[in-house]
Amino acid sequence: MYSVLKRLLIGSPLSSQRLGEQRLTKRVALAVFGTDAIASTAFATQEILVVLVPAAGMAALDDLVPISLVVIALLVIVTASYRQTLYAYPNGGGSYIVSRENLGTGPSLVAAASLMVDYTLTVSVSIAAGVAAITSAFPAWHLSRVELSLGFLAFLAIGNLRGIRESGQIFFLPTYFFIAGMALLIVVGAVKVLGGDVPVAQSAASAIVPNEMVPLSIFVILRAFANGCTALTGIEAISNGVPAFKPPEARNAAITLILMITCAVIMFMGVTLLAGAYHIVPHNEETVISQLNRAVFGGRGAMYYAIQAGTTLILVLAANTAFSDFPRLASIVAKDRFLPRQFANRGDRLAFSNGIMVLSLLAAILLIAFGGDTHRLIPLYMLGVFVSFTLSQLGMVLKWRREKKWGWRVGAFVNGLGATLTAIVLIVVSVTKFSEGAWIIIVLIPLIVMHFVAINRHYSRVAKQLSLKGLTLSDTKHNTVIVPIGGVHRAVVQALDYARTLSADVRAIYVDVDPVATKEVNDLWATWGRGVRLEILASPFRSVMAPLLEYIEITNDERPDDFITVLLPEFVPARWWHHLLHNQRALLIKGALLFRRNIVVTSVPYHLES
């Protein structure tokens, strides 16, 4: 049943030779890797207004455009920096790899931890924002946002488990539908503004107006700027995924990066200018995009619902950027032995299935814990990505200075400027959002790094103990075979036959808890014991496990350097539910002996017919 369901949801396995077929074209890659950066335009303007309007009322709209322009300038500079990273690391140049090569192990682990936190929050924030777009169009669904969020999360997880090529096909149309819808919204809105037909949004009447109109403080402006920097999330996605592009990988990735940022800048600035022109004020019941949509198209008509649907899809699918990059990053870190090795394995569909499932679980926990509320999740957002931005660009500066290739001074300047600006933004975000929840991330990242180090130490200790260096071979060891029995039947006779092939020293052990049953075993043993010695252990307290384990321990002490093999006769029922009708003593024995040195436990199955 499990296998049938898995094939239905995930699809048939793909051979390793088909990995090359999973490469992406630029158009599909924009849908797979670019949705996060593009979708952030749907809530970046809103997050700026959330800070400005309560502080200065409608007058805050005058500061909206300047702050947005600073964010865009930063966006362009960071993009230029990452474009250089694409060509420098055509096999994938995420922050972890760049930091590992140029800054060392410690900074690279900080970068990896920061990115993993950011990817997890990207999934949660994007899905929550997508659900907010739905509840803006259908306010009655507001109470079901957690359930809606988990449903979208399950859809994304299944899509990515099917493989990156199929996930790209799933996300291709929604991405371009959103781009077309936003382009139409911005063009129609701009035409109305130029024609003087600009109705004031209904929310403007409910704007919070401070008692005294005073200039915005530096701290408030910095908080608004920090919120607006959500527009920068997703830039690194393409640098992580360069190997997923069709050849020439670096060139195709660079073109896709420019296309992605061009779309993001135009939409972010367009929404910002229109939000100011239409006097949009954010509130919990309806997003800024929804309000702007209603104002431009004159109510909740067909066009309104089409654009809201496109916004929902792009926001939900923005989480796919994290689904593409988190598993790939986890696989690289796992190959370096800082995460469990299972993360490095590809699943049936050539996707890193373990990373996808872990990311889904962590995102589900966040969505449930924060009630699917975007505004509660945003303060935790961005800190991780700016840590990785800074480390990556600093690593590129050192790479330029070390290699000194043609044009290295210009390259080092661009990356140095990017590192400086992202470091400043990191400080601003940390300070302005500390009390709102950023402290959680500041504490969490070092804890994750400590976890990485602990895993690496474990693997190093295991490798050292398994190493053949200094190993001296001893003479052939003696093997004592112990066969615990609960009676005399076909499964026991079969186990005895197998035991005799392993060693001349075979002992059958029976624990006496019922004198009548013990006598019956003794009587049968003369005929069916196959010449094996039967030892009966007394059990005054009717325990089977205690006398058996004590006997095995005593035998082990007699020959501490030799082997003991415990053979467990087990009959296998024809139906899975038949197991419920029989005791699981064999399982208990396996668990009790698992961590005992030089003791081997194995089962001899006897299959029953239906």
Min side-chain heavy-atom separation [X]-[Y] under 4.5 Å:
X      : Y      : value
Leu339 : Phe452 : yes
Asn293 : Thr287 : no
Leu315 : Ile127 : no
Met269 : Leu274 : no
Leu426 : Phe389 : no
Thr85  : Val98  : yes
Met396 : Tyr82  : no
Glu236 : Val385 : no

So, for [X] and [Y], which heavy atoms are closest and what is the spacing to 0.1 Å?
X      : Y      : result
Thr233 : Thr230 : OG1-O, 2.8 Å
Gln342 : Asn354 : O-ND2, 2.7 Å
Ile442 : Ser430 : CD1-CB, 4.3 Å
Arg251 : Tyr87  : CA-OH, 3.8 Å
Ile356 : Ala157 : CG2-O, 3.9 Å
Leu377 : Val125 : CB-CG2, 3.7 Å

Rounded to the nearest 0.5 Å, what separates atom [atom1] in [X] from atom [atom2] in [Y]?
X      : Y      : atom1 : atom2 : value
Thr311 : Ile307 : OG1   : CD1   : 7.0 Å
Leu421 : Leu74  : CG    : CG    : 6.0 Å
Ile67  : Ile72  : CD1   : CD1   : 12.5 Å
Leu49  : Asn227 : CG    : CG    : 10.0 Å
Thr256 : Lys26  : OG1   : NZ    : 6.5 Å
Tyr176 : Ile314 : OH    : CD1   : 10.0 Å

Residues, nucleotides or ligands: over 12 heavy atoms within 6.0 Å of Arg83 CZ
no
Derivation and outcome, side chain to side chain contact (heavy atoms under 4.5 Å, CB included), residues Ser124 and Phe370
CA-CA 9 Å; Ser124 305; Phe370 288 86; over 6 Å; no
Please determine, by modelled atom types, if Thr45 and Thr272 share a side-chain donor-acceptor pair under 3.5 angstrom.
yes
Ignoring hydrogens and geometry beyond distance, is a side-chain donor-acceptor pair present between Ser290 and Tyr304 at under 3.5 Å?
yes
Can you tell me if [X] uses its side chain to pair, donor with acceptor, with the backbone of [Y] under 3.5 Å?
X      : Y      : answer
Lys192 : Val296 : yes
Ser99  : Tyr96  : no
Arg223 : Lys433 : no
Gln308 : Ala133 : yes
Ser388 : Ser114 : no
Arg294 : Arg300 : no
Asn415 : Ser81  : yes

Before giving the answer on side chain to side chain donor-acceptor pair (under 3.5 Å), spell out for Thr390 and Thr422 the whole-Å C-alpha distance, their side-chain angles and the decisive distance to 0.1 Å.
CA-CA 6 Å; Thr390 303; Thr422 53; 3.2 Å; yes
Compute the centroid of each ring, for [X] and then for [Y], and state whether the two points are separated by less than 6.0 Å.
X      : Y      : result
Phe155 : Phe152 : no
Phe323 : Tyr119 : no
Phe245 : Phe33  : yes

List the steps, then state whether side chain to side chain contact (heavy atoms under 4.5 Å, CB included) holds for Leu121 with Ile441.
CA-CA 11 Å; Leu121 285 164; Ile441 307 303; 4.0 Å; yes
Walk me through whether Leu75 and Phe268 qualify under side chain to side chain contact (heavy atoms under 4.5 Å, CB included).
CA-CA 11 Å; Leu75 181 63; Phe268 176 45; 5.7 Å; no
Any chance you could lay out the ring-ring contact (aromatic ring centres under 6.0 Å, His included) test for Tyr305 and Phe297, step after step, and finish with the verdict?
CA-CA 10 Å; Tyr305 285 109; Phe297 293 107; over 10 Å; no
When you look at Val288 and Glu47, which way does the side chain to side chain contact (heavy atoms under 4.5 Å, CB included) test go after all the steps?
CA-CA 9 Å; Val288 164; Glu47 293 306 317; over 6 Å; no
